[in-house]
Amino acid sequence: MNAPLRNYDIAELRRLDLAHHLPAQADYKVIEALGGSRIITRAEGCTIHDGDGMALLDGMAGLWCVNVGYGRKELADVAYEQMLELPYYNTFFKTATPPTVQLAAKVAEKLGGDLQHVFFNSSGSEANDTVFRLVRHYWGLKGQPQRKIFISRWNAYHGSTVAGVSLGGMKAMHAQGDLPIPGIEHVIQPYLFGEAFGEDPEAFASRAAQAIEDRILAVGPENVAAFIGEPIQGAGGVVIPPDGYWPKVEAICRKYGILLVCDEVITGFGRLGEWFGFQHYGVKPDLVCMAKGISSGYLPISAVGVADHIVAELREKGGDFVHGYTYSGHPTCAAVALRNIEILEREGLVDRTRNDTGPYLAAKLATLADHPLVGEVRSRGLLGAVEIVSEKGTNQRFGGKEGTAGPIVRDLCIKNGLMVRGIRDTIVCCPPLIITHAELDRLVGIIAQSLDEALPILKAL
């Protein structure tokens, strides 16, 4: 560790947690029954430590974000140096700061092509809000203000703000707050295992893409502003589309003159073995949302990459884009993000994910395929998923509904020393890009052990 360990009164922290803290995406009744949250006190590399002395291999890289791993002193140092020089200034008053401008240039370099402009925010949710407003503003400037409709997918995740939840396709989130807001249409997700079990992958890719075109025609192409999608749906359960899906989606967008938005909040900055997921799939979006891996979670920052033709319209027509945040382009966050990208470059972590650890994870996950609880394993780069089924050779779930087995296996994984996420009945992993072969062996080994322990529990249901 780079700093002395602090002694926390964990019992007192848990008491204060219950008394005052409302954690994100939580069932507060469950948190109360547990006596408070698990208190994570420190971390290094790919390992996190809780206040009860347990060390866990972090199979989720925090929340899909700690790409360069924990304990990077140089990221702390660059934040300290920037805070002494200029801790904060805004970009509202025709001003910018050096690290903000430098980061914009670096992100544009990694995006490539005509994605040469960057708008900064603090979170992925804010990035998607920016896209929502920018796209509608763009079409207004183009003299087509009726182009307001966004098309998204069911089970997509685009954030937790009102616009983000609405753009997303998670029905449980829609049920809270009378969402989605008007002007957003949802179509089938490209989830072969769940939506089209046994169907030919190529045929399903065509059918899932056709659903987008069918919805465009149903609402009128002249009314559609954009299609938005994650290259791989992360929070949806690491939903990997069949080969050919994304080029078909791009072709449909071009056919009708609709903007293509790629939400790279999870897949950006090396997760799939390319700097961005759209590069992995060989498509060219008009806007790209990013967050998480841009700073490896060390400080909150997000961005939207914007194509030249959109910015040209903004500049030609003029007038304020009356949108932005207090922390848009925050100089300390930008300085940390810039150094984080330098680490990814210097250590070759993107290439390593593509050529080494990504294929190694795929091979290790494949060893789980014969387990009686496993219906499918799948991965791309360092994103992986294990589907739990009640009957081998099917996609049937325990109890006849999704969400029974996943939490049981997840909790066993955590008990056995691996932090993973259970999304319905899918165990998903997203480890730091620095993870070693030995740690990947351990990750898959703990999943296997936990599946074995879950088998009698689930069979008894």
Side-chain angles (χ1 to χ4, degrees), residues 111-113 115 150-158 169 185-218 221 224 226-268 270-289 307 350 353-355 358-359 361-362 365-366 369 375-385 387 395 426 428:
L111 287 167
L115 288 161
F150 279 74
I151 296 177
S152 180
R153 284 95 58 96
W154 291 116
N155 201 37
Y157 183 82
H158 296 297
E185 301 282 329
H186 295 90
V187 299
I188 189 172
Q189 60 180 325
Y191 179 23
L192 184 63
F193 186 83
E195 303 279 0
F197 188 79
E199 187 172 338
D200 175 72
E202 185 176 351
F204 180 60
S206 296
R207 182 163 71 88
Q210 185 61 46
I212 298 169
E213 184 168 18
D214 291 346
R215 190 58 56 90
I216 291 168
L217 294 172
V224 180
F227 171 82
I228 184 170
E230 307 150 85
I232 291 175
Q233 290 164 238
V238 182
V239 175
I240 301 173
D243 291 343
Y245 171 80
W246 269 109
K248 293 176 190 297
V249 171
E250 182 183 25
I252 290 166
C253 290
R254 301 308 169 217
K255 179 178 179 180
Y256 296 102
I258 292 162
L259 296 176
L260 176 59
V261 184
C262 282
D263 182 339
E264 300 267 4
V265 169
I266 287 174
T267 51
R271 181 55 55 186
L272 304 186
E274 299 290 345
W275 281 95
F276 293 96
F278 73 83
Q279 295 162 346
H280 173 81
Y281 286 109
V283 297
K284 296 180 180 179
D286 300 288
L287 299 106
V288 177
C289 311
V350 179
T353 300
R354 180 177 63 251
N355 300 323
L361 174 61
L365 285 174
E376 178 181 83
V377 295
R378 57 182 180 266
S379 68
R380 287 289 186 279
L382 285 175
L383 275 178
E387 294 274 7
N395 66 350
T426 308
V428 302

Please examine the side chains of P285 and V261, heavy atoms only from C-beta on, and report whether any two atoms are closer than 4.5 Å. no

Main chain of G282, side chain of W246: is a donor-acceptor contact present, judged purely on distance under 3.5 Å? no

Please determine whether side chain to side chain contact (heavy atoms under 4.5 Å, CB included) holds for the pair V249 and L260, giving the CA-CA distance in whole Å, both sets of side-chain angles, and the decisive distance to 0.1 Å. CA-CA 9 Å; V249 171; L260 176 59; 4.3 Å; yes

Other residues, nucleotides, ligands: >12 heavy atoms within 6.0 Å of D243 CG: no

Can you confirm whether C289 sits close enough to E264 that some side-chain heavy atom of one is under 4.5 Å from a side-chain heavy atom of the other? no

Would you give the length of the straight line joining atom CZ of R380 to atom CD1 of I240, rounded to the nearest 0.5 angstrom? 5.0 Å

To the nearest 0.5 Å, what is the distance between CD1 (I252) and CG (D214)? 8.5 Å

Taking R215 for the side chain and H186 for the main chain, is one N or O donor matched with an acceptor at less than 3.5 Å? yes

If you round to the nearest 0.5 Å, how far is CG of L287 from CG of L115? 7.5 Å

Compare all side-chain heavy atoms of F227 with those of I212 and state whether any distance is below 4.5 angstrom. yes

Derivation and outcome, side chain to side chain contact (heavy atoms under 4.5 Å, CB included), residues F204 and E195: CA-CA 9 Å; F204 180 60; E195 303 279 0; 4.1 Å; yes

Return the CG to CZ distance between L111 and F278, rounded to the nearest 0.5 Å. 5.0 Å

Looking only at atom types and distance, does a side-chain atom of N395 sit under 3.5 Å from a main-chain N or O of F193, one as donor and one as acceptor? yes

Looking at I258 and I216, what are the two nearest heavy atoms and their distance? CD1-CD1, 3.4 Å

Please report the interatomic distance CG(L383) to CG(L272), rounded to the nearest 0.5 Å. 6.0 Å

Considering all heavy atoms of both residues, which atom of A366 and which atom of V377 are nearest to each other, and what is their separation? CA-CG2, 4.0 Å

Could I get the full list of side chain to side chain donor-acceptor pair (under 3.5 Å) partners for E199, not counting sequence neighbours? R207

Are the side chains of T426 and V238 in contact, using a 4.5 Å heavy-atom criterion? no

Is R271 reaching over with its side chain to a backbone N or O of L382, donor-acceptor style, under 3.5 angstrom? yes

Is R354 salt-bridged to E274, cutoff N-O under 4.0 Å? yes

Is there a donor-acceptor pair closer than 3.5 Å between any side-chain N or O of R153 and the backbone N or O of E230? yes

Distance check, rounded to the nearest 0.5 Å: I151 atom CD1 versus Y256 atom OH? 10.5 Å

Heavy atoms of L361 and G381 approach each other most closely as CD2-O, 3.9 Å

Close side-chain approach of P242 to E202, heavy-atom, < 4.5 Å: no

Heavy-atom side-chain proximity of V350 to W275 below 4.5 angstrom: yes

N/O donor-acceptor pair under 3.5 Å between Q279 side chain and F276 backbone: yes

For H158 and S152, work out which heavy atoms get closest and say how close. NE2-OG, 3.6 Å

Between the side chains of R378 and E387, is the shortest nitrogen-to-carboxylate-oxygen separation below 4.0 Å, so that they form an ion pair? yes

What heavy-atom pair brings V187 and A211 nearest, and what distance separates the two atoms? CG1-O, 3.7 Å

Could you check whether any side-chain heavy atom of D263 comes within less than 4.5 Å of a side-chain heavy atom of Y157, counting everything from C-beta outward? no

Which heavy atom of Y281 sits nearest to which heavy atom of P247, and what is that distance? O-CG, 4.2 Å

Taking the side chain as every heavy atom from C-beta outward, state whether N155 and Q233 have any atom pair closer than 4.5 Å. yes

Side chain of E250, backbone of K284: donor and acceptor closer than 3.5 Å? yes

